[in-house]
Amino acid sequence: MGKFIEEFYYGNIDPKARSTKQNKMVQKEMAVLTQMEEPLTNALNDEKKKWIYA
C-alpha cells in the first residue's frame with residue numbers, strides 16, 4: 001500500500017485513466033470516432049462550433 005501512495009503522490013498514477021485494452025470493441029469504436037471527429041467538426045459553421053467549445 002505504501003508504494004501505491006508514493007506513486008500517486010509523485011503523479012505516476014492517474015486515477016481517471018482507464019484502459020480499453022481488454023475490450024477490443026471499445027477500441028474499434030474509439031478509432032472510428034477519432035477518424036470522424038475532424039471531418040464532422042469541419043462541416044460545422046462557426047456559429048455551431050461555438051456551441052461545441054462553449
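All figures in this text were calculated on a predicted structure; none of them were measured in a lab.
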Please identify which of these residues, T41, N42, T34, meets the side chain to side chain contact (heavy atoms under 4.5 Å, CB included) condition with E38. N42
Measure the spacing between NZ of K28 and CG of L33 and express it to the nearest 0.5 Å. 14.5 Å
Applying the 4.5 Å side-chain criterion to the ILVMFWY set and letting contacts propagate, would L40 and V32 be lumped into a single cluster? yes
